[in-house]
Protein chains: 2
Amino acid sequence: MGVPLYQAKAEFFRTLGHPARIRILELLAERDHAVHELLEQIAIEPSNLSQQLAVLRRTSMVVSRRQGGQVVYSISVPEVRDLLLAARTILVGLAEAQAEFEDDLIVTRD
Amino acid sequence: MGVPLYQAKAEFFRTLGHPARIRILELLAERDHAVHELLEQIAIEPSNLSQQLAVLRRTSMVVSRRQGGQVVYSISVPEVRDLLLAARTILVGLAEAQAEFEDDLIVTRD
DNA sequence: ACAAGACTTGAAAAAGTCTTCAATCCATCA
DNA sequence: TGATGGATTGAAGACTTTTTCAAGTCTTGT
């Protein structure tokens, strides 16, 4: 038997827990990108990008192939797209709840 | 204007990126739990549990209320349940792909 | 008022992650 | 072959998170 599922889940979410990796996955969810294309979209140094790509590769969330002089990445888990959308929905919901609470504070003040 | 959305997403996923926090959310997704009840289910020291609950509270993923001598926690973002299910599906998919690849290795060997 | 159970806090040490740098690899083109 | 553009690697240092400990709060029952 392997690792408990709750631990695998934690590792999986931790992999998503970095702004550059989120950007990478969002871009790859649209279409495959060469590394230099990712580099144009994400404000980060080349070697840092490589390190983040390596993290995603190790967890099998992306795969790379060499195409002549460049390396092209694709997402290997398209379902991640749904996860990113779900997160967006939740975050917007939390932000709204927060704003409401702040309104209450103002309305209720004194 | 606030934080870029991709950064908020990363923070959100980082919050999910810990085994104890996953367990807590799974238990709270079922029903509210007092801290001592969580403690029975999760192999962790009381003060560590408190620290993890504090992380979830800071990010507004759970709320607590005192009920006499004990403190009861509830999930404030029920949609997290879907996220945990989606992660399970993805992980099972990845594990299967992995297993297939290993079969290939064996079949192809020599 | 005191003791006991339930929980939280702050702070220090341990463990883990992120960023950056220099070195390297690999394919193409002059 | 040597130079160039594109990408990766390993390792060091900075930074963050996790764990643990001792001390403290709050509520109930005696």
Side-chain angles (χ1 to χ4, degrees), chain A residues 3-4 6-25 27-28 31-76, chain B residues 3-4 6-25 27-28 31-76:
Chain A
V3 165
Y6 62 83
Q7 197 173 323
K9 281 183 201 164
E11 272 162 34
F12 173 76
F13 286 124
R14 213 177 326 111
T15 303
L16 297 179
H18 187 288
R21 296 198 291 265
I22 293 283
R23 295 299 320 287
I24 294 168
L25 290 171
L27 291 167
L28 295 185
R31 61 168 180 78
D32 292 1
H33 282 71
V35 175
H36 66 94
E37 292 176 316
L38 293 173
L39 216 35
E40 275 165 27
Q41 306 294 317
I42 305 177
I44 196 183
E45 303 211 350
S47 75
N48 195 351
L49 178 58
S50 255
Q51 299 280 4
Q52 303 311 328
L53 286 169
V55 172
L56 293 172
R57 240 166 26 222
R58 261 179 247 132
T59 54
S60 305
M61 304 201 61
V62 304
V63 294
S64 66
R65 60 183 185 282
R66 182 169 275 279
Q67 241 172 35
Q70 53 200 56
V71 178
V72 177
Y73 277 83
S74 358
I75 201 160
S76 51
Chain B
V3 165
Y6 62 84
Q7 196 174 324
K9 281 182 200 164
E11 272 163 33
F12 174 75
F13 286 125
R14 207 169 341 105
T15 303
L16 296 180
H18 187 288
R21 294 197 293 263
I22 293 282
R23 296 300 318 289
I24 293 168
L25 290 171
L27 291 167
L28 295 186
R31 61 168 179 79
D32 293 1
H33 281 73
V35 175
H36 67 95
E37 292 176 314
L38 293 173
L39 215 36
E40 275 165 28
Q41 306 293 316
I42 306 177
I44 198 184
E45 303 211 350
S47 75
N48 196 349
L49 178 58
S50 253
Q51 301 279 7
Q52 303 311 329
L53 286 169
V55 172
L56 293 172
R57 240 166 26 220
R58 263 179 246 132
T59 53
S60 304
M61 305 202 60
V62 304
V63 294
S64 66
R65 61 182 185 284
R66 182 169 274 280
Q67 239 172 37
Q70 52 199 58
V71 176
V72 176
Y73 277 83
S74 358
I75 202 160
S76 50

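Lettering of chains follows the sequences in order, A, B, ..., and the numbering in each one begins at 1.
Put simply, NE2 on A/H33 and CG on A/L27 are 4.5 Å apart, with the number rounded to the nearest 0.5 Å. Here the CD-CZ distance, from B/Q70 to B/R65, works out to 10.5 Å after rounding to the nearest 0.5 Å. Within the model, atoms CG of B/L53 and CG of B/L28 stand 7.5 Å from one another, a figure rounded to the nearest 0.5 Å. Once rounded to the nearest 0.5 Å, the distance linking CD1 of A/I22 with CD of B/E11 reads 11.0 Å.
Closest approach of B/R31 and B/E37 over heavy atoms only: NH1-OE1, 3.7 Å.
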Pairwise N/O distances under 3.5 Å, protein to nucleotides 26-30 of chain C:
none

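Across the protein-nucleic acid pair, B/R58 atom CZ and C/dG10 atom C1' stand 12 Å apart, rounded to whole Å. One atom, CG of B/N48, and another, P of C/dC7, lie 15 Å apart when rounded to the nearest Å. Between the C1' atom of C/dC7 and the CD1 atom of B/I24 lies a distance of 13 Å, rounded to the nearest Å. Going from atom CD of B/Q52 over to atom C1' of C/dT8 covers 13 Å, rounded to whole Å. The nearest whole Å value for the distance from the NE2 atom in B/H33 to the P atom in C/dC7 is 12 Å. At whole-Å resolution of the value, CD in A/E45 and C1' in C/dT19 are 8 Å apart.
Among the candidates A/L25, A/D32, A/I24, the single residue satisfying the side-chain contact (heavy atoms from CB on, under 4.5 Å) test with A/I75 is A/L25.
Taking for each of A/L53 and A/R14 the nucleotide of DNA chain D with the nearest heavy atom, the 5'-most of the two is the partner of A/L53. For B/P46 and A/S47, each mapped to the nucleotide of DNA chain C holding its nearest heavy atom, the one lying further toward the 5' end belongs to B/P46.
No side-chain donor-acceptor contact under 3.5 Å links B/R23 to the backbone of A/Y6. Distance alone, capped at 3.5 Å, is enough to place a donor-acceptor pair between the B/S76 side chain and the B/M61 backbone.
Once you apply a 4.0 Å limit to the heavy atoms of chain A, the touched nucleotides of DNA chain D run 5' to 3' over D/dG6 to D/dA11.
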